[in-house]
Amino acid sequence: MTTPSPAALLDADRVTIAEYRAALQAWLDEHHAELAPRYSPPGTLDEHVAQMQRVKSLLFDAGWMRYGWPERVGGLGGSPMLRTELGASIAARDLTDPGLYSLIEVLAPTLIEFSPPALAAKVVPRLLSGAEMWCQGFSEPGTGSDLSSLACQARPDGDAATASAWIINGQKVWTSLAQYADRCVLLTRTGPPDSRHRGITAFFVDMDSPGISVAPLEMINGMREFAEVFFDEVVVPADRMLGELHGGWAVAMSILPYERSSCFWQRIAYLYRRLQLLVDIAPDDDRTAEVVGDAFVQLHALRARSRATQHRLADGATLGAETSIDKLLVATAEQSIYDAARRLLPGVVEMDDGVIGATWRSEYLYSRAATIYGGTAEVQRNIIARRLLDLGDDG
Amino acid sequence: MDTRDTPEQAELRRAAHQLAGQLGPSTVADLDDQTRAKRLAVAVHDAGWLELRDDRGDGEPLAGGVEAAILAEGLAETVADVAFGGPVLAADLARRCGAANLGTPVVAYTPDLLGVAVLETPVTTTALHAVDLPADGGPVYGLVRVGGGYRLAQVRVDGAAIGADHGADLTRSTCLIPPGATVVEVPGQRRILTDDELASWTALGLALTSADLVGLMRGVLELAVAYAVERRQFGVPVGSFQAVQHLLADAHCLMEGSISVALHASWAVDDLPPADARTAGRVAKAYCARAARDVCETAVQVHGGIGNTWECLVHVFLRRALLSSQWFGDDGEQLRQLERERLGTVDGLP
C-alpha cells in the first residue's frame, strides 16, 4: 500500500463542501498524470467509457468516490453534495464525459432506495468503483414524452404474488451505453395494457441474461452512445424487482431529483470548461466579448439556480415541477455556448476536419438535442404553465 | 420586379423539382449510393445547368440570377448531393474576366469562406478552401490583383490532386488547399475584373446560397410536418399539440419571408447596380441564414429523439445549412458588412 490518501483524513459527516473541495483539488492536482485520458482527443466512445471506468476506479480506491454515499453500500456517508462536488470537479478537468458519468447519479440512488438491501450492498460499490456499468431501460419507440404508455411486458411464471421469476418481452430505445452495461434498471408493463402509470414494475436485470440483444444507434454526430435493447423471453428472478409490484412509476420518478440537481451541476461545470476553451481560441475583440458575455450570463444564472436547487434537496425538500425550470435553463445555456462557438469560429464548425473543428462540430450538433433528451422543452413548458402557473389541468 | 415566374422559369422550377425528387437522396443511406449520385451529376450536367452563367457570346450570361437561384433552391429541397453552386459561381467569375474553356472550375475561397481568395504569385501563403467541387475534382481559381482590378489565377497543388475532405455538409464536397500551392495567372483573359464586377459576383454568391437555404427550409419543413402528423403520443398525433403547431407555424413564416427576400436578391443580381445588388444579397443572406438554422432546429425538435439520429434525414439538411450559411458569410457577417457598406463606418458606429 502507498501512503494513506488525504481522503481518509476527512470526516464525511463533518467536512464542509469547501474543505472537501480543497482536499480533492489538491489530490486531483497531485494525480493529474495518472488520471488524464490516455487517448488523443476527441477519442472514441470505447475510449471515453474506458477512461471513465478507470477514473472511477482510481477515485474509489482513493476514497473520493465514496463520500456522499451511505455506508451500507460501501460509502463513507456525508451529504450527497460531496459527490456532486466530485462529479463537477472531474467534469471541469475534462477527466470524464459528464453525460456518461451522470448515469451513476441517475441509477445508484434508485437501487439504494428500492432494491433489497443485500442487493444494493453488493452491486452499488461495483458501479461506483468502475467494476460495472449500468443502463436505464425506460423509453420505447412508441413511448417518448408519454412514458406511462410503455409496453415492454413482464409476466409472472405463475401467480404474480408468489412468482419465482418474471418473463420479459419487448423493446427499449435511447438506452445509454447498453452495449457496455452489465445491468439494466428496467421499467416493464405488469398491469393491463391501458393501466398507464398504475401498471408498471421496475426490475434490475443482468444484461448477460439469455434473450437480450443490443443494437447501438448512430447519432447525429456519428457517436453511438445510445442503443435499442430487445427482450425476448428474458427470465428475471423475482427478487430483482425494485420497489413494489405495479410500483414502478415511483421508481421512475425517484430519478428526477438527482438527474435535475447533481447531474445538472456536473453538466454546468463541463459547460464552463467549454466556454473557457472557446475564449482561449476566439479572437480577442468586441464581438467575442458580446457573444461570450451573453453565454456566460446564461450559464451563471443557471448555476445560481442549480445551486439553490441542490441546497433545497440537501435540506430535505421534495423536488418536483419547479425543476422543469432548471431543465429549460440548462438546455438553453448549453445551446447558447455552442451557438457562440459557431459564431466566433467562422468556418470551423462548418469546414474544419482537424481536432478543433471535429470536436466543436460534434458537440454543436449534439447540443441541438439538449431541448429533447430528459424531457422535451415543450413538455417542460407545459409543466411550468400547468403546475407552477396554474394554467389549466395536467391532461 | 415581377415576382411571378415566367413560363420558362416555372418550367425550370418544375424540372429541378422533378430531377432532385427522382435522383436526390431520400434516405441517409442513399448518400452512399454512388450510382445514384453519378446519375444525378450526369443529369445536372446534361441539362446544361452548370453553364447558366457562361458567356453567351457578348459577355452577358446565358441565364439570369433568378434562373440560377430557382435551380439552387430546387436541388437543395431534397439535399441533392451534386455540385451546382460551386461550378456556376466559378463560371460566372470566369465570364466576368473574359476567360474561356476552363472546364468545370471551382473557386478558391478564404478559409472563413467569406469571399474569393485574392492571391499573390507565385505560391499561396495561407490555407484556402474550395467549395462544392464536382466528384472528380476540377481546376481551382482565385484572383490576383492587377492595375484597375483583378485577374483570374489558377491554384495548383504540386504533387497531389485536389481531393475532397469532409466538413459538416454530407452532400457537397469541400477541399482544404494548404499553403504553398502554385498560383498561375490564366492566359488570354479579355477583361480586368473591376470592383463593381466583383460586387456583382458576390451578389450572385449571396443569392445562390440564400436560395439553397430556402430550398433546405422547404424540404426539411415538409419532413417535419409529415412527422408531426404521423408520430403519436398521448394517443394523438404530436402535431395536434399547440406547442408543436406553434413551432411549425413559426418555421413556416420564416420560410415564407426567406422565399421573398431571396427572390429579390436573385433578381437584383442582373437588374440592380452592383453595390445595390450586393446589399440585396446581404439582406437576404442575413435573413435566410438565421431562418434556416431556426427551421432546421425546429425540424430536429419536432422529430424528438429520432431527429438526433444519423439515419434521420433532418441532420443532412442542418449540416448543409451550416455550410450554405457560412459560404459568403452568415447572418452576423452580413450585418457587419451592411453596417460598414451602408453606414460608412469601418469599425462600427461612432
Side-chain angles (χ1 to χ4, degrees), chain A residues 139 141-149 173-174 194 196 217-224 226 228 285-287 290-291 331 335 339 342-354 357-358 360-362 364-374 376-382 385 395, chain B residues 28 109-114 127 129 131 165-169 174-176 231-236 238 241-244 246-247 293 296-312 314-316 318-327 329-333 336 347-348:
Chain A
S139 295
T143 300
S145 293
D146 184 11
L147 182 62
S148 71
S149 70
V173 73
W174 312 127
D194 60 353
R196 312 266 325 160
L217 284 165
E218 188 168 7
M219 298 306 291
I220 195 166
N221 57 359
M223 291 289 238
R224 295 172 184 267
F226 296 101
E228 294 177 287
D285 59 22
D286 285 354
R287 184 161 62 120
E290 186 185 332
V291 172
Q335 291 180 349
D339 285 337
R342 187 193 56 73
R343 290 175 65 186
L344 295 178
L345 309 172
V348 169
V349 167
E350 296 86 353
M351 306 281 289
D352 181 10
D353 282 339
W360 282 107
R361 175 154 68 244
S362 168
Y364 171 86
L365 290 168
Y366 193 76
S367 71
R368 303 303 104 179
T371 41
I372 294 170
Y373 57 67
T376 66
E378 287 71 34
V379 167
Q380 306 313 320
R381 291 189 190 104
N382 281 346
Chain B
V28 176
Y109 296 88
T110 53
D112 51 15
L113 306 187
L114 296 190
H129 272 303
V131 182
D165 49 27
H166 302 291
D169 188 356
T174 60
C175 168
L176 178 72
R231 170 71 175 174
R232 297 175 73 87
Q233 285 286 272
F234 304 100
V236 293
V238 297
F241 295 114
Q242 205 171 47
V244 175
H246 283 185
L247 279 176
R293 263 196 323 275
C296 287
E297 289 180 6
T298 290
V300 171
Q301 187 71 19
V302 169
H303 278 77
I306 292 293
N308 291 282
T309 58
W310 186 265
E311 72 176 37
C312 178
V314 169
H315 76 97
V316 180
L318 172 61
R319 286 165 174 272
R320 180 161 171 150
L322 286 173
L323 179 57
S324 294
S325 292
Q326 188 58 38
W327 194 3
D330 68 358
D331 41 323
E333 176 63 22
R336 274 191 298 285
D347 299 313

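So that the names make sense, note that chain A is the first sequence line, chain B the second, and so on, each numbered from 1.
Looking at A/R342 and A/V291, their side chains never come closer than 4.5 Å, going by heavy atoms from C-beta outward. Between B/N308 and A/I372, some side-chain heavy-atom pair lies under the 4.5 Å cut-off.
The side chain to side chain donor-acceptor pair (under 3.5 Å) search around A/R368 returns A/D339, B/E297, not counting sequence neighbours. Remark: B/E333 engages B/R336 in a salt bridge (Lys or Arg N to Asp or Glu O under 4.0 Å) (not counting sequence neighbours).
Contact count against chain A (heavy-atom pairs under 4.5 Å) is highest for B/R319 among B/E311, B/R319, B/H246, B/H315. Options A/V173, A/T376, A/T371, A/L217 differ in how many heavy-atom pairs under 4.5 Å they form with chain B, and the most are formed by A/T371. Ranked by heavy-atom pairs shorter than 4.5 Å toward chain B, the options A/S148, A/S139, A/S149, A/G142 are led by A/G142. The residue among B/A243, B/G329, B/G305 with the most heavy atom pairs within less than 4.5 Å of chain A is B/G305. Put simply, of A/T143, A/D352, A/V349, the one with the most heavy-atom pairs under 4.5 Å next to chain B is A/T143.
Neither the backbone nor the side chain of A/A358 comes within contact range of chain B; no heavy atom of the residue lies under 4.5 Å from a heavy atom of that chain. Using a 4.5 Å cut-off between heavy atoms, A/R287 touches chain B through its side chain atoms alone. Residue A/F226 does not touch chain B at all, counting heavy-atom pairs closer than 4.5 Å. In this structure, the portion of B/L113 lying under 4.5 Å from any heavy atom of chain A is its side chain and not its backbone. Within the 4.5 angstrom heavy-atom criterion, only side-chain atoms of B/D330, from C-beta onward, approach chain A. Only the backbone of A/N221 comes within contact range of chain B, judged by heavy atoms closer than 4.5 Å. Both the backbone and the side chain of B/I306 come within contact range of chain A, judged by heavy atoms closer than 4.5 Å.
Enclosure of atom CD in A/E218 by more than 12 non-hydrogen atoms of other residues, nucleotides or ligands within 6.0 angstrom is indicated. No more than 12 heavy-atom neighbours from other residues, nucleotides or ligands sit within 6.0 angstrom of CG on A/D286.
Scanning all heavy atoms of the two residues, the minimum distance from A/G347 to A/E350 falls at N-OE1, 3.0 Å. B/P111 and B/H129 make their closest contact through O-CD2, 3.4 Å (heavy atoms, listed as atom of the first residue, atom of the second, distance).
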